[in-house]
Amino acid sequence: RFFYANKIKIMIRITFNTKTHTMTIQSDSIGIKEYPNVMTIKEFQGFYEVRQRQQTTDKNAPIWRVPINQTVIEYIHE
(Lines give C-alpha, C1' and ligand atoms only; values in the text may rest on other atoms or scores of the structure.)
Protein backbone atom coordinates (compact mmCIF):
# COMPACT_ATOMS: atom_id res chain seq x y z
CA ARG A 1 0.00 0.00 0.00
CA PHE A 2 1.26 3.48 -0.82
CA PHE A 3 0.11 6.87 0.41
CA TYR A 4 0.21 9.96 -1.81
CA ALA A 5 0.79 13.56 -0.77
CA ASN A 6 1.19 16.23 -3.47
CA LYS A 7 1.81 13.48 -6.08
CA ILE A 8 4.82 12.15 -4.13
CA LYS A 9 4.77 8.44 -3.44
CA ILE A 10 4.84 7.94 0.35
CA MET A 11 6.02 4.54 1.45
CA ILE A 12 6.20 4.91 5.25
CA ARG A 13 3.42 5.78 7.68
CA ILE A 14 4.03 6.59 11.35
CA THR A 15 1.29 6.98 13.94
CA PHE A 16 2.56 8.60 17.15
CA ASN A 17 0.34 8.81 20.23
CA THR A 18 1.80 11.60 22.36
CA LYS A 19 -0.40 10.78 25.35
CA THR A 20 0.43 7.06 25.65
CA HIS A 21 3.93 7.43 24.13
CA THR A 22 3.36 4.63 21.62
CA MET A 23 4.26 4.55 17.96
CA THR A 24 3.27 2.37 15.03
CA ILE A 25 5.35 2.32 11.86
CA GLN A 26 4.00 0.78 8.66
CA SER A 27 5.42 0.16 5.20
CA ASP A 28 5.32 -2.53 2.57
CA SER A 29 8.90 -3.57 3.31
CA ILE A 30 8.63 -3.88 7.12
CA GLY A 31 4.92 -4.50 7.65
CA ILE A 32 3.51 -3.04 10.87
CA LYS A 33 5.59 -2.65 14.03
CA GLU A 34 4.59 -1.11 17.35
CA TYR A 35 6.88 0.48 19.93
CA PRO A 36 6.24 1.61 23.54
CA ASN A 37 8.01 4.43 25.40
CA VAL A 38 8.48 6.65 22.32
CA MET A 39 9.15 10.13 23.65
CA THR A 40 9.70 12.23 20.53
CA ILE A 41 10.16 12.38 16.78
CA LYS A 42 12.76 14.92 15.64
CA GLU A 43 13.84 16.23 12.27
CA PHE A 44 17.51 15.35 11.71
CA GLN A 45 19.44 15.94 8.46
CA GLY A 46 16.55 15.14 6.11
CA PHE A 47 15.24 12.31 8.28
CA TYR A 48 12.68 11.87 11.01
CA GLU A 49 14.46 10.36 14.01
CA VAL A 50 12.24 8.37 16.38
CA ARG A 51 13.57 8.36 19.95
CA GLN A 52 12.57 5.82 22.60
CA ARG A 53 13.13 5.94 26.38
CA GLN A 54 15.57 3.17 27.34
CA GLN A 55 14.66 1.37 30.56
CA THR A 56 18.23 0.58 31.61
CA THR A 57 19.64 4.11 31.22
CA ASP A 58 16.44 6.22 31.38
CA LYS A 59 17.73 8.14 28.32
CA ASN A 60 16.15 8.65 24.92
CA ALA A 61 17.89 6.79 22.10
CA PRO A 62 17.13 6.71 18.35
CA ILE A 63 15.38 3.56 17.18
CA TRP A 64 14.38 4.61 13.62
CA ARG A 65 15.52 7.14 11.04
CA VAL A 66 13.21 7.46 8.05
CA PRO A 67 13.45 9.85 5.08
CA ILE A 68 11.17 12.86 5.44
CA ASN A 69 10.19 12.87 1.76
CA GLN A 70 8.85 9.30 1.97
CA THR A 71 7.05 9.51 5.32
CA VAL A 72 3.68 10.65 6.63
CA ILE A 73 3.30 11.15 10.39
CA GLU A 74 -0.07 11.14 12.14
CA TYR A 75 0.02 12.63 15.65
CA ILE A 76 -2.61 11.58 18.18
CA HIS A 77 -2.81 13.76 21.31
CA GLU A 78 -5.67 12.12 23.19
Would you mind listing every salt bridge (Lys or Arg N to Asp or Glu O under 4.0 Å) that reaches into [range], with sequence neighbours excluded?
| range | value |
| --- | --- |
| residues 51-63 | Glu49-Arg51, Arg53-Asp58 |
| residues 18-27 | none |
| residues 68-78 | Arg13-Glu74 |

> How would you list, by chain and number, every residue that makes a side-chain contact (heavy atoms from CB on, under 4.5 Å) with Ile73, sequence neighbours excluded?
Replying inline: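 Ile73 satisfies side-chain contact (heavy atoms from CB on, under 4.5 Å) with Ile14, Ile41, Tyr48, Thr71, Tyr75 once adjacent residues are dropped.
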>> The criterion is salt bridge (Lys or Arg N to Asp or Glu O under 4.0 Å); which residues satisfy it with Glu43, sequence neighbours excluded?
In response: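 Applying salt bridge (Lys or Arg N to Asp or Glu O under 4.0 Å) to Glu43 gives none.
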> According to a 4.5 Å side-chain heavy-atom criterion applied to Ile, Leu, Val, Met, Phe, Trp and Tyr, with indirect links allowed, do Ile12 and Phe44 form part of one hydrophobic cluster?
Replying inline: no
Using atom types as modelled, flag every donor-acceptor pair under 3.5 Å from a side chain in residues 29-37 to any protein atom, sequence neighbours excluded.
unit_1, atom_1, unit_2, atom_2, d
Ser29, OG, Ser27, OG, 3.2
Tyr35, OH, Trp64, NE1, 3.1

>> Taking side-chain hydrogen bond (donor to acceptor under 3.5 Å, both in side chains) as the definition, give me every residue that meets it alongside Thr20, ordered by chain and number, with sequence neighbours left out.
In response: Asn17, Thr22
>> Which residues pass the side-chain hydrogen bond (donor to acceptor under 3.5 Å, both in side chains) test with Thr40, not counting sequence neighbours?
In response: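 side-chain hydrogen bond (donor to acceptor under 3.5 Å, both in side chains) list for Thr40, sorted by chain: empty.
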Within the 4.5 Å heavy-atom criterion, are [X] and [Y] side-chain neighbours or not?
| X | Y | answer |
| --- | --- | --- |
| Thr15 | Ile76 | yes |
| Asn60 | Gln54 | no |
| Phe16 | Val38 | yes |
| His21 | Met39 | yes |

